[in-house]
Amino acid sequence: MITPTDSTGTSEGSTSPDMAGISLERIKQRRDFLHVAEGAGWQTPGFILQGRRRTACNREGLIRIGFTCSRKVGNAVVRNRARRRLAHAADIVLPHHGIPGWDYVMIGLRFRTVSRNFAKLTQDLETAVRRLAHKEMR
RNA sequence: GCGGAUGACCGGAUGGCUGCACUGCCGCUGGCAGUGAGGAAAGUCCGGACUCCACAGGACAACGGUGCCGGGUAACACCCGGCCGGGGAAACCCGAGGGACAGCGCCACAGAAAACAAACCGCCACUGAACAGCUGCGGCAUGAUCGGAGGUAAGGGUGAAACGGUGGUGUAAGAGACCACCGCAUUGGCGGUAACGUCGAUGGCACGGCAAGCCCCACCGGGAGCAAUGCCAAAUAGGGACGGGAGCGGCUCAGGCCAGUAAGGUGUCCUGCUUACCGCCGUCCGGGUCGGCAGCACGAGCAGCGUGGCAACACGGUGCCCAGAUGAAUGGCCAUCAAGAGCUCGCAAGAGCUUGAACAGAAUCCGGCUUACAGGUCAUCCGCACUG
């Protein structure tokens with residue numbers, strides 16, 4: 001019920017000219033995950049978001065995003081599904097609401113990441129991004 | 001038709017929109033096309049392939065595994081066929097199924113007794129005592145009670161298991177003491193490749209169970225694993241080789257300023273000289289972390305055909321190429337259709353609505369085993385009922 005509007009939203013976002021300066025990249029190195037984990041965190045009903053501004057910001061318009069779903073989330077099928085949902089939500093939200101120059105990590109939770117309504121999952125991500133920015137200011 | 005047994009199979013289909021990974025192409029911030037999970041991909045329990053290490057001669061010891069027979073296989077703890085034992089009315093199912101005179105050990109509870117014989121309740125005759133009975137008064141083919149010294153293991157009861165079983169002869173009562181059948185042991189014939197079966201003879205019961213307690217016997221096994229292993233190789237630091245490399249000022253009254261610098265150390269005390277060494281600079285070499293590439297998908301491969309074989313399987317020829325990621329792709333939604341399930345209406349045929357799902361995700365690759373699994377399909381067989 002929500003996904004058709006979501007999918008058209010992403011297609012508009014990726015092709016819109018005002019978002020041309022922002023690009024997304026996946027975090028794959030363990031030391032990057034550990035670096036982000038030292039920053040601020042915010043728990044939502046569907047996941048935990050960690051975020052940190054990169055110190056050596058060589059590329060200004062870049063947002064990096066990583067996903068982690070440990071074995072506590074469930075078996076392999078459930079883990080893959082949780083990771084895909086988080087990645088999809090990040091593709092929708094971060095080009096609009098993410099702060100360039102930041103690294104984010106989304107952590108999946110047992111049962112809740114998979115069962116959470118997807119529209120609410122995207123809203124959670126928006127508020128979490130704002131909260132992290134607010135925490136960083138203080 | 002109902003109930004059951006066994007074996008095999010499927011694990012929604014089609015279309016659209018939109019994502020992801022890899023490959024190829026193009027007019028390359030992108031676009032197009034192709035391909036993209038399973039029967040268990042799982043558990044990581046066995047067996048291999050392939051690497052490296054060790055030994056390069058295998059054996060012995062230790063440790064681990066396997067354990068009826070024959071066959072299949074690269075190999076196996078797997079598969080096929082058979083044997084034996086147990087279960088079932090049957091189809092069929094289950095079985096770590098070698099050795100208990102090589103040795104050690106154990107046999108709880110119950111029971112009299114648990115391994116070498118014995119005897120609790122019993123049964124039996126003998127004998128002694130007193131009592132009763134009978135008497136011809138000497139006693140007794142008498143009855144029951146108590147004691148003594150024996151015989152016996154049939155019956156009772158316990159147990160997973162009790163020193164062969166059932167029936168008879170026999171006896172005081174009994175007992176393989178004897179007989180018949182069965183079991184057992186030894187032995188011979190026949191059938192079978194064999195496990196084993198079968199027929200007979202002899203013996204006369206001796207030799208309890210547990211080897212899934214240790215053990216013995218036979219056979220098998222060197223160790224570690226794709227994060228194996230090989231190649232390429234940046235920055236930083238460190239190692240080695242070769243080469244290079246000698247400077248000491250000026251201004252200002254002073255404070256200070258300008259210029260230059262790796263310019264300093266070691267060598268028997270000092271001075272001078274020298275580049276002998278370190279530190280310094282350059283070039284090269286080797287090791288090596290992150291990373292990249294190979295290993296890595298044409299293989300004990302898949303489909304169907306033929307031949308041999310009861311079968312597992314083998315052989316032959318035909319066709320096909322079918323995931324390859326590395327914080328790890330293969331997803332989501334919609335529509336239509338289909339097996340099935342539920343509810344309502346209906347005598348029924350049927351109609352309407354809802355649902356349309358399980359276990360679960362490749363990670364070097366194969367052969368197995370085990371475990372999980374919504375719903376469904378097919379074949380063969382057994383029993384019962386019905387029809388003819």
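These numbers come from the heavy atoms of this one structure, side chains and all, not from hydrogens, waters or symmetry mates. Chain identifiers are assigned alphabetically (A, B, ...) following the order of the sequence lines, protein sequences preceding nucleic acid strands; residue numbering begins at 1 within each chain.
In a base pair of the Watson-Crick type (N1 to N3 plus N6-O4 or O6-N4) or a G-U wobble (N1-O2 and O6-N3), with each distance short of 3.5 Å, rG1(B) is matched with rC384(B). rG243(B): Watson-Crick or G-U partner is rC281(B), with both key distances under 3.5 Å. Under the Watson-Crick or G-U wobble criterion, with both distances below 3.5 Å, rG81(B) is paired with rC69(B). When Watson-Crick and G-U wobble pairs are counted only if both distances are under 3.5 Å, rA115(B) pairs with no nucleotide at all. When Watson-Crick and G-U wobble pairs are counted only if both distances are under 3.5 Å, rA74(B) pairs with no nucleotide at all. With a cut-off of 3.5 Å on both Watson-Crick or G-U wobble distances, the partner of rC140(B) is given as rG133(B). Figure legend. rU198(B) is base-paired to rG189(B); pairs are counted as Watson-Crick or G-U wobble with both atom distances under 3.5 Å. Nucleotide rA177(B) has rU169(B) as its partner under the Watson-Crick or G-U criteria, with both atom distances under 3.5 Å.
The interatomic distance linking Ile65(A) (CD1) with rG327(B) (P) rounds to 17 Å, in whole Å. Distance Ile92(A) CD1 to rG19(B) P: 11 Å, rounded to the nearest Å. Between the NE2 atom of His88(A) and the C1' atom of rG332(B) there is a distance of 7 Å, given to the nearest Å. In this structure, CZ of Phe118(A) is placed 17 Å from P of rG331(B), rounded to the nearest angstrom. In this structure, CG of Leu86(A) is placed 14 Å from P of rA329(B), rounded to the nearest angstrom. In this structure, the CG atom of Asp91(A) is 13 Å from the C1' atom of rU18(B), given to the nearest Å.
Backbone-only contact: Arg81(A) has heavy atoms under 4.0 Å from sugar-phosphate atoms and none from a base.
Here the side chain of Arg116(A) pairs no donor or acceptor atom with the backbone of Pro45(A) at under 3.5 angstrom.
Between the C1' atoms of rC121(B) and rG167(B), the separation comes to 27 Å (whole Å). For rG47(B) and rU193(B), the C1' atoms lie 29 Å apart once the distance is rounded to whole Å. Nucleotides rU35(B) and rG352(B) place their C1' atoms 45 Å apart, quoted to the nearest Å. Using P as the reference atom, rC76(B) and rC22(B) are 44 Å apart when rounded to the nearest Å. As rounded to the nearest Å, rG11(B) and rA40(B) have C1' atoms that lie 12 Å from one another. Taking atom C1' in both rC210(B) and rA372(B), one finds a spacing of 38 Å when rounded to whole Å. If you take atom P in rU377(B) and the same atom in rG340(B), they sit 8 Å apart, rounded to whole Å. Going from the P atom of rG67(B) to that of rA175(B) covers 48 Å, rounded to whole Å.
Nearest to the side-chain atoms of Asn80(A) among the listed nucleotides rG327(B), rG361(B), rG331(B) stands rG361(B). Of the candidate nucleotides rA329(B), rU330(B), rG361(B), rG361(B) has the atom lying nearest to any side-chain atom of Ala76(A).
In this structure, Asp103(A) CG and Arg52(A) CZ are separated by 9.5 Å, a value rounded to the nearest 0.5 Å. To the nearest 0.5 angstrom, Met106(A) atom CE is 7.5 Å from Leu94(A) atom CG.
Glycosidic conformation of rG176(B) is syn; the angle stays within 90° of 0. Because its glycosidic torsion is more than 90° from 0, rG16(B) is reported here as anti. Syn is the classification of rC322(B), since its glycosidic angle stays within 90° of 0. Look at rA42(B): its glycosidic torsion is beyond 90° from 0, and that puts it in the anti range. For rG39(B), the O4'-C1' to base torsion is within 90° of 0; the nucleotide is therefore syn.
Side chains of Asp124(A) and Trp42(A) form no contact here, defined as non-hydrogen atoms less than 4.5 Å apart. Contact of the Phe47(A) side chain with the Arg85(A) side chain is not registered, since no non-hydrogen atoms from C-beta on lie closer than 4.5 Å.
Residues Val78(A) and Cys69(A) both approach RNA chain B. Their nearest nucleotides, taken by heavy-atom distance, put Cys69(A) toward the 5′ side. Between Asn75(A) and Arg83(A), the residue anchored nearer the 5' end of RNA chain B, judged by the nucleotide with its closest heavy atom, is Arg83(A).
The two residues Gln50(A) and Leu132(A) make their nearest non-hydrogen contact at C-CD1, 3.8 Å.
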Show me the side-chain donor-acceptor pairs of residues 77-84 of chain A shorter than 3.5 Å, one per line, residues at least two apart or across chains.
from: Arg79(A); atom 1: NH1; to: Gly74(A); atom 2: O; distance (Å): 3.0
from: Asn80(A); atom 1: OD1; to: Arg83(A); atom 2: NH1; distance (Å): 3.1

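Between the side-chain ring of Phe33(A) and the base of rG327(B), a stacking contact exists by the 5.5 Å and 30° definition.
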